[in-house]
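Below is one structure, written out as structure tokens; the observations come after it.
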Amino acid sequence: QVQLVESGGGLVQAGGSLRLSCAASARTFSSYTMAWFRQAPGKAREFVGVISSSGGSTYYADSVKGRFTISRDNGKNMVYLQMNSLKPEDTAVYYCAAGRTTTNSAQGYNYWGQGTQVTVSS
């Protein structure tokens with residue numbers, strides 16, 4: 001079993017920054033691919049980015065590329081999403097997820113956090 005808890009969401013003005021954290025309870029955290037997804041009201045869950053188990057590779061959705069950065073600290077069982085130059089379109093509930101393979105599909109992740117709200121005002 002893997003338990004994931006996100007934190008760091010909040011209200012920020014356009015152009016601002018937030019850093020989301022995801023704390024994982026896992027026996028073998030370093031073996032999991034970790035991803036971030038988001039879901040806005042009335043919208044489907046959307047891939048944001050993913051980081052490989054070692055942290056050596058990252059991939060991002062075009063909508064956030066150049067603005068968001070995923071990192072992880074396997075020694076602390078933590079994964080982070082640094083969000084810069086935030087736009088109102090980034091407003092959503094953000095979820096971290098754990099899986100065994102690197103994919104942009106939500107179907108590829110077995111474990112999910114409860115989500116944290118990010119609201120970007122114009």
Side-chain angles (χ1 to χ4, degrees):
Q1 280 289 307
V2 178
Q3 297 177 11
L4 305 172
V5 180
E6 302 96 333
S7 62
L11 175 65
V12 63
Q13 290 191 334
S17 298
L18 282 174
R19 187 192 191 214
L20 305 184
S21 299
C22 177
S25 177
R27 302 286 179 84
T28 56
F29 177 73
S30 62
S31 71
Y32 285 94
T33 295
M34 299 296 298
W36 288 93
F37 290 79
R38 65 187 183 185
Q39 189 164 25
K43 303 292 185 180
R45 190 161 295 190
E46 176 188 24
F47 172 76
V48 174
V50 60
I51 187 166
S52 61
S53 58
S54 68
S57 299
T58 55
Y59 303 92
Y60 302 94
D62 287 343
S63 59
V64 306
K65 195 173 299 180
R67 300 188 297 121
F68 291 11
T69 303
I70 297 173
S71 61
R72 67 191 294 163
D73 185 337
N74 285 346
K76 296 181 178 180
N77 283 18
M78 297 286 290
V79 63
Y80 307 96
L81 181 66
Q82 178 66 47
M83 305 184 294
N84 299 325
S85 301
L86 283 162
K87 305 174 181 179
E89 305 89 84
D90 296 319
T91 295
V93 176
Y94 283 70
Y95 300 89
C96 67
R100 292 293 190 179
T101 59
T102 302
T103 178
N104 63 357
S105 171
Q107 294 292 106
Y109 298 91
N110 301 114
Y111 305 99
W112 295 81
Q114 84 290 345
T116 186
Q117 177 71 47
V118 172
T119 303
V120 184
S121 62
S122 60

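Numbers for residues simply follow the sequence, beginning at 1.
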Verify same cluster id: W36, V12 (apolar side-chain graph, 4.5 Å): yes
N/O donor-acceptor pair under 3.5 Å between R67 side chain and S85 backbone: yes
Shortest non-hydrogen contact between S53 and S30, atoms and distance: CB-O, 3.0 Å
Close side-chain approach of M83 to D90, heavy-atom, < 4.5 Å: no
Backbone of E6 reached by a side-chain donor or acceptor of Y95 within 3.5 Å: no
Aromatic plane relationship, Y109 with F37 - under 30° parallel, 30 to 60° tilted, over 60° perpendicular: perpendicular
Aromatic ring pairing Y94/F68, orientation class (parallel under 30°, perpendicular over 60°, tilted between): tilted
Connected via hydrophobic side-chain network under 4.5 Å: V79 and V50: no
Pairwise distance CG(L20) to CD(Q82) - rounded to 0.5 angstrom: 8.5 Å
Main-chain N/O of T33 paired with R72 side-chain donor or acceptor, under 3.5 Å: no
Distance-minimising heavy-atom pair for A40 and A92: N-CB, 3.8 Å
Exceeds 12 heavy-atom contacts within 6.0 angstrom, atom CD of Q3: no
Any donor-acceptor pair under 3.5 Å from D73 side chain to Y80 backbone: no
Derivation and outcome, side-chain contact (heavy atoms from CB on, under 4.5 Å), residues S31 and R100: CA-CA 7 Å; S31 71; R100 292 293 190 179; 2.6 Å; yes
Residues forming a side-chain contact (heavy atoms from CB on, under 4.5 Å) with A98, sequence neighbours excluded: V2, L4, Y32, M34, Y111
Y60 and T69: CA distance, side-chain angles, deciding distance, side-chain contact (heavy atoms from CB on, under 4.5 Å) verdict: CA-CA 8 Å; Y60 302 94; T69 303; 3.8 Å; yes
Nearest non-hydrogen partners of T91 and V120, listed with the distance: OG1-N, 2.9 Å
Criterion side-chain contact (heavy atoms from CB on, under 4.5 Å) against S63, the qualifying member of K87, R38, E89: R38
Verify same cluster id: L86, F47 (apolar side-chain graph, 4.5 Å): no
Pairwise distance CD1(I51) to SG(C96) - rounded to 0.5 angstrom: 12.5 Å
Hydrophobic cluster identity match, V93 and W112, side-chain contacts under 4.5 Å: yes
Rounded distance [0.5 Å steps], CZ in R27 versus CG in N77: 11.5 Å
Pairwise side-chain hydrogen bond (donor to acceptor under 3.5 Å, both in side chains) hits with a residue in residues 13-23, at least two apart: S17-N84
Separation of M78 CE from F29 CZ (nearest 0.5 Å): 8.5 Å
